[in-house]
Amino acid sequence: MSFPLLTVTAALPAIGAITTAAVPAARRTAAKWLALLFSLGTLVLAAVVLVRFEPGGDRYQLTESHAWIKDFGVRYELGVDGIGVALLALTALLIPFVILAGWHDADPSPASAGDTPVETKKYRWRPTQGFFALILAVEAMVILSFEATDVFLFYILFEAMLIPMYFLIGGFGDRAHAGSDENASAQRSYAAVKFLLYNLVGGLIMLAAVIGLYVVAGSFSLNEIAEARAAGTLDMATNTERLLFLGFFFAFAVKAPLWPLHTWLPNAMGEATAPVAVLITAVVDKVGTFAMLRYCLQLFPEASKWATPVILVLALISIVYGALLAVGQRDIKRLVAYASISHFGFIILGIFAMTSQGQSGATLYMVNHGISTAALMLVAGFLISRRGSRLIADYGGVQKVAPVLAGTFLIGGLATLSLPGLAPFVSEFLVLVGTFARYPVAGIIATFGIVLAALYTLVLYQRTMTGPVKAEVQGMPDLKVRELAVVAPLIALLLFLGVFPKPLTDIVNPAVEHTMSDVQKKDPKPEVEAAK
């Protein structure tokens with residue numbers, strides 16, 4: 001029996017979560033270092049997975065398969081393709097930065113310093129340990145969801161990751177909140193409940209589709225279903241396939257999020273701490289777009305083509321609508337949230353353009369958006385923690401007192417608008433090229449999102465970083481060593497992948513070819529006018 005590398009990669013952060021939660025309440029610093037060490041260990045294992053993965057090899061590699069619930073045909077099946085291994089690596093890469101950035105986010109607040117021991121024990125028992133344990137728990141579930149090749153196993157993980165995220169949003173909210181503590185707590189609770197309800201509804205509809213798939217296919221295994229389809233032994237009626245597709249797609253569209261199922265995201269990102277906001281949009285939400293590629297297109301190819309026109313329209317609305325609302329935001333974190341809705345529109349547009357360039361670009365976009373949004377949101381979090389406000393109007397002239405903070409903020413913003421030379425440009429360019437090749441009108445409309453992205457990014461920088469130094473900003477400290485350790489590697493990655501994306505494309509492209517084969521689509525040939 002070969003070494004279960006994929007299982008160990010997902011199990012390590014789960015063990016770390018349990019171990020961190022068990023650290024005594026008074027040992028907060030030890031809990032932080034323990035969580036960081038487990039996340040770094042997971043990153044090492046993810047690197048091993050990346051090295052052992054052969055881009056030109058089998059579709060699913062490093063596979064594991066064991067009986068789980070025999071009576072229902074459920075198996076513990078794992079395997080990674082190029083898309084899954086890229087997102088697995090992204091998740092393992094970002095979590096150490098999330099932990100470092102949130103180093104003090106769960107420390108007892110000054111307001112609770114005078115609490116009696118009874119109050120502290122009742123209301124603030126191990127808040128730091130809980131915060132970092134929940135982050136590691138989310139990491140374990142997300143990694144395993146990228147590895148799962150059994151539909152039922154994926155569903156369990158898809159739903160289970162909502163629980164730790166609910167507590168991270170509702171229990172450890174942003175302290176830079178206008179209004180009273182009671183109002184802040186109410187807003188956090190509302191955001192957490194809205195996040196949970198939206199995703200639970202999507203998950204319940206998906207559960208019905210999962211059961212329906214088993215009734216039709218007689219298996220939850222992606223490999224077995226694919227083999228049955230290839231052999232012609234899987235008889236799925238057209239209407240049945242379309243209904244099952246809609247059940248899966250609805251859940252993934254909520255998670256992604258796609259307009260009009262997006263409204264939970266600005267609330268969740270606005271009320272969460274900056275590291276948790278990164279966890280939401282750069283890590284957890286990628287499960288939705290990843291699942292569209294792995295499950296919707298692979299399991300329901302005909303229904304995917306049937307639904308493509310409507311999905312493209314929804315993606316275009318997300319691109320333009322999200323960017324327009326980002327332009328009008330007064331809250332820094334909500335601006336980044338609406339920008340992310342626009343970016344997810346690009347990802348979904350690339351997936352359902354049904355071209356190799358579009359799907360490669362969409363996969364690269366998932367990775368590059370994760371890095372760029374992490375860089376921008378974490379620097380924004382450092383800025384907000386210094387001033388104690390999320391409102392753009394409360395800033396001005398920051399670049400004169402904290403030039404390094406302003407500079408890193410600018411690079412993160414420029415990456416968000418996909419400036420050439422930074423990683424997101426390559427992915428956005430491929431999405432637009434792939435879309436234009438098959439749907440030129442959709443490609444033209446999507447380009448307006450680029451113009452709006454430049455507007456909201458540059459206006460945000462101008463209003464916060466330039467101009468006269470406001471009195472409240474005067475004396476603001478620049479980035480510290482820990483904060484630089486968070487931001488510098490992310491910026492280096494944005495630059496490296498911006499000028500040399502080949503390591504990523506080599507991994508992703510073979511997996512995209514498999515997906516294109518699933519839907520029986522080929523890239524349209526360029527129309528060249530015959531020479532006279």
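Quick note: numbers below take in every heavy atom, side chains included, and nothing from hydrogens, waters or symmetry partners. Predicted model only: the values in this text are computed from it and were never measured.
For Phe436, the CZ atom sits in a loose shell: 12 or fewer heavy atoms of surrounding residues, nucleotides or ligands are nearer than 6.0 Å. Residue Arg463 qualifies as open at atom CZ: its count of foreign heavy atoms under 6.0 Å is 12 or below. Atom CZ of Phe167 has 12 or fewer heavy atoms from other residues, nucleotides or ligands within 6.0 Å.
Met354 contributes atom CE, which lies 6.5 Å from atom CD of Gln359 (distance to the nearest 0.5 angstrom). Rounding to the nearest 0.5 Å places CD1 of Ile411 at 11.5 Å from CG of Leu490. Separating the OG atom in Ser418 from the CG atom in Leu432 is a distance of 8.5 Å, to the nearest 0.5 Å. Thr464 OG1 to Ile384 CD1: the interatomic distance, rounded to the nearest 0.5 Å, is 10.5 Å. In this structure, the separation between CD1 on Ile332 and CE on Met269 is 12.5 Å, given to the nearest 0.5 Å. Considering OH of Tyr439 and CD1 of Ile445, their distance stands at 13.5 Å, rounded to 0.5 Å.
Of all non-hydrogen atoms in Ala415 and Leu422, the two that sit nearest each other are N-CD1, 3.5 Å. Considering every non-hydrogen atom in both Met165 and Val284, the closest pair reads SD-CG2, 4.0 Å. Taking both residues in full, the closest heavy atoms of Val193 and Tyr166 are given as N-CE1, 4.0 Å, listed atom of the first, atom of the second, then distance. Scanning both residues, Gly247 and Ala209, for their nearest heavy atoms gives CA-CB, 3.9 Å. Annotation for Pro275 and Ala101: closest pair CG-C, 3.8 Å, computed over non-hydrogen atoms. The heavy-atom pair separating Val142 from Ser145 by the smallest distance is O-OG, 2.6 Å.
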Working note: Leu324 + Tyr338, criterion side-chain contact (heavy atoms from CB on, under 4.5 Å); need CA distance, chi angles, decisive distance, verdict.
CA-CA 8 Å; Leu324 282 173; Tyr338 280 110; over 6 Å; no
Stepwise, does the side-chain contact (heavy atoms from CB on, under 4.5 Å) test hold for His514 with Asp81?
CA-CA 10 Å; His514 286 295; Asp81 60 359; over 6 Å; no
Given the rule in the side-chain contact (heavy atoms from CB on, under 4.5 Å) test, do Met476 and Leu383 qualify, once you have shown the distances and angles that lead to the verdict?
CA-CA 9 Å; Met476 176 180 288; Leu383 176 70; 3.8 Å; yes
Passes side-chain contact (heavy atoms from CB on, under 4.5 Å), Ile371 versus Leu497? Steps please.
CA-CA 10 Å; Ile371 300 170; Leu497 294 176; 4.0 Å; yes
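Looking at Leu88 and Leu50, their side chains never come closer than 4.5 Å, going by heavy atoms from C-beta outward. Between Leu419 and Phe425, every side-chain heavy-atom pair lies at or beyond the 4.5 Å cut-off. Within the 4.5 Å cutoff, no side-chain heavy atoms of Arg188 are placed close to those of Ile169. Side-chain atoms of Pro164 and Met141, non-hydrogen and from C-beta on, do get closer than 4.5 Å to each other. Inter-residue side-chain proximity for Val80 and Tyr60 is flagged as unmet; no heavy-atom pair is nearer than 4.5 Å. Contact check for Ile311 versus Ile348: side-chain heavy atoms found under the 4.5 Å cut-off. Counting heavy atoms from C-beta on, the side chains of Gln298 and Ile225 never come closer than 4.5 Å. Taking 4.5 Å as the limit, every side-chain heavy atom of Leu168 sits out of range of all side-chain heavy atoms of Thr273.
We find that Arg294 and Asp518 are not joined by a salt bridge, their nearest charged nitrogen and carboxylate oxygen being 4.0 Å or further apart. Taking the charged nitrogens against the carboxylate oxygens, Arg386 and Glu472 have no contact shorter than 4.0 Å, which rules out a salt bridge. A salt bridge links Glu271 with Arg390: at least one charged nitrogen is closer than 4.0 Å to a carboxylate oxygen.
A donor-acceptor pair is defined here as one N or O able to donate and one able to accept, closer than 3.5 Å; such a pair exists between the side chain of Lys333 and the backbone of Ala272. Put simply, the side chain of Glu241 gets close to the backbone of Glu302: a donor and an acceptor are under 3.5 Å apart. A distance-only check finds a donor-acceptor pair linking the side chain of Thr457 to the backbone of Ala453 [under 3.5 Å]. For Lys400 (side chain) and Val469 (main-chain N/O), no donor-acceptor pair under 3.5 Å exists by modelled atom type. In this structure, Tyr395 contributes its side chain and Ser389 its backbone to a donor-acceptor pair below 3.5 Å. A donor-acceptor pair is defined here as one N or O able to donate and one able to accept, closer than 3.5 Å; no such pair exists between the side chain of Thr281 and the backbone of Val278. A side-chain donor-acceptor contact under 3.5 Å links Ser342 to the backbone of Ile319. Not one N or O on the side chain of Ser517 forms a donor-acceptor pair closer than 3.5 Å with the backbone of Glu513. For Arg438 (side chain) and Thr355 (main-chain N/O), no donor-acceptor pair under 3.5 Å exists by modelled atom type. No side-chain donor-acceptor contact under 3.5 Å links Gln357 to the backbone of Leu430.
Each of Leu405, Leu484, Val398 was scored for a side chain to side chain contact (heavy atoms under 4.5 Å, CB included) with Asp478, with one residue passing: Leu405. Considering Thr363, Ile347, Ile83, Ile351 as possible partners of Phe290, the one that fulfils the side chain to side chain contact (heavy atoms under 4.5 Å, CB included) test is Ile83. Each of Val254, Leu162, Ile205 was evaluated against Leu200; a single residue qualifies, Leu162, per the side chain to side chain contact (heavy atoms under 4.5 Å, CB included) test.
Ring pair His262/Tyr321: centre-to-centre distance below 6.0 Å. Ring pair Phe248/Phe300: centre-to-centre distance below 6.0 Å.
The cationic atom of Lys255 (NZ for Lys, CZ for Arg) lies less than 6.0 Å from the six-membered ring centre of Phe158 and within 45° of the ring axis.
The aromatic rings of Phe154 and Phe252 lie perpendicular to each other, with more than 60° between the two planes, well past the 30° mark. The aromatic rings of His343 and Tyr365 sit tilted relative to each other, their planes meeting at an angle between 30° and 60°.
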